[in-house]
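To start, the structure itself, in structure tokens.
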Amino acid sequence: MLRKATVRLTRPIAARSLTSENRWSGDFIHVSHTDAKVGLIELDRPKALNALCDGLMLEVAKALDEFDADKSIGAVIITGRGRAFAAGADIKEMLPLNYAQVAGGDFLAHWGRVSKNTKPVLAAVNGFAFGGGCELAMMCDIMYASDKAVFGQPEIKLGTIPGAGGTQRLTRAVGKSLAMEMCLSGEPIKADQALVAGLVSKVVPGDQLLDEAHKTAAKIAEMSQLTTAICKEAVNVAFESTLAEGVRFERRMFHATFGTEDRREGMSAFAEKRKANFKDC
Ligand SMILES: CC(C)(O)CC(=O)SCCNC(=O)CCNC(=O)[C@H](O)C(C)(C)COP(=O)(O)OP(=O)(O)OC[C@H]1O[C@@H](n2cnc3c(N)ncnc32)[C@H](O)[C@@H]1OP(=O)(O)O
């Protein structure tokens, strides 16, 4: 059981098992952590279905930077409050922009911060994950969905295309035909189809989503942070290299773990039939 802490998260599910000390709330997100070394970022822009305006994404980047630098955090969950994970980039914010403004300012470049985090990040998709919302979830390392979640890349209906990795990550996740269908028609898929297609690894009833995400994040947070960072990097190389390059990279990283105390501790703990006590070194 988690230690009772000072501030309860406001959702009923959170109140049951995800007690947390409050860290800070920005204009658009709430940032907290649990006693199991899990950081929690909750998107909360209720009147706009958590649309990802610039301010919101800057707050997410700040929270991730803080968690990345914090040795007491071993994994992070991103979720949305209300009926959306996020309904995409803020259309009203984008509406007046012209080509020179978006290209000159490399609009959305800072969104990539999410995929640069070294700590494992789990997306708990509670509702609509449209456009940039789906892209944000796909930047995370693991995706769980509530049975109410809906995933879509509807940018085509707005006369544009996905701009935060949607055409690339969705295609790698679900294959060409479904990715093309979603991006070209703008039509969404439901959680059960997302599971079958391999976009998410688990679908659970909405009231169990955070508990399930937390269980997995807490398990990951018990591992050596040094090793989870190496492992995450190795899996990500699979998306950016040939099989031969990826296997060579993995082998080098595997060898590198033998330079850590945590590798010796993990194997010693197994041989001595005890729980490993990793020191992240
Ligand atoms: C990052 C890139 C480059 O890939 C680009 C993008 O992400 S572009 C955005 C892609 N997303 C969308 O096109 C989804 C837009 N939203 C919808 O289609 C619908 O809101 C819905 C299907 C998700 C939900 O529909 P419904 O239940 O009928 O709610 P609404 O009344 O439409 O919405 C409530 C409220 O939220 C505002 N809203 C919703 N999405 C956005 C958004 N992406 N940007 C800004 N505002 C959004 C919506 O306008 C409503 O507010 P009010 O107009 O009532 O003030």
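Note that the structure is a prediction, hence the values are computed from the model and not measured. Numbering of ligands and ligand atoms starts at 1, following listing order.
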Other ILVMFWY residues reachable from Leu243 by side-chain steps of under 4.5 Å: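 Val247, which link up through side-chain heavy atoms under 4.5 Å apart, make up the rest of the cluster.
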Spatial distance of atom [atom1] ([X]) from atom [atom2] ([Y]) [nearest 0.5 Å]:
X	Y	atom1	atom2	value
Gln208	Lys202	CD	NZ	10.0 Å
Ser201	Met143	OG	CE	8.5 Å
Leu210	Thr79	CG	OG1	5.0 Å

Would you find a donor on one side and an acceptor on the other, under 3.5 Å apart, between the side chain of Arg45 and the backbone of Ala51? yes
SB check Arg113 Asp65 (cutoff 4.0 Å): yes
Expected rows: ligand 1 N/O, protein N/O, dist below 3.5 Å:
unit_1   : atom_1 : unit_2 : atom_2 : d
ligand 1 : 4 (O)  : Glu135 : OE1    : 2.7
ligand 1 : 4 (O)  : Glu155 : OE2    : 2.6
ligand 1 : 4 (O)  : Gly163 : N      : 3.3
ligand 1 : 7 (O)  : Ala89  : N      : 2.8
ligand 1 : 7 (O)  : Gly132 : N      : 2.8
ligand 1 : 11 (N) : Ala87  : O      : 3.0
ligand 1 : 27 (O) : Arg83  : NH1    : 2.8
ligand 1 : 27 (O) : Arg83  : NH2    : 3.1
ligand 1 : 29 (O) : Arg83  : NH2    : 3.3
ligand 1 : 36 (O) : Lys47  : O      : 3.4
ligand 1 : 43 (N) : Ala87  : O      : 2.9
ligand 1 : 43 (N) : Ala89  : O      : 2.9
ligand 1 : 44 (N) : Ile91  : N      : 3.0
ligand 1 : 49 (O) : Lys92  : NZ     : 2.9
ligand 1 : 53 (O) : Lys92  : NZ     : 3.1

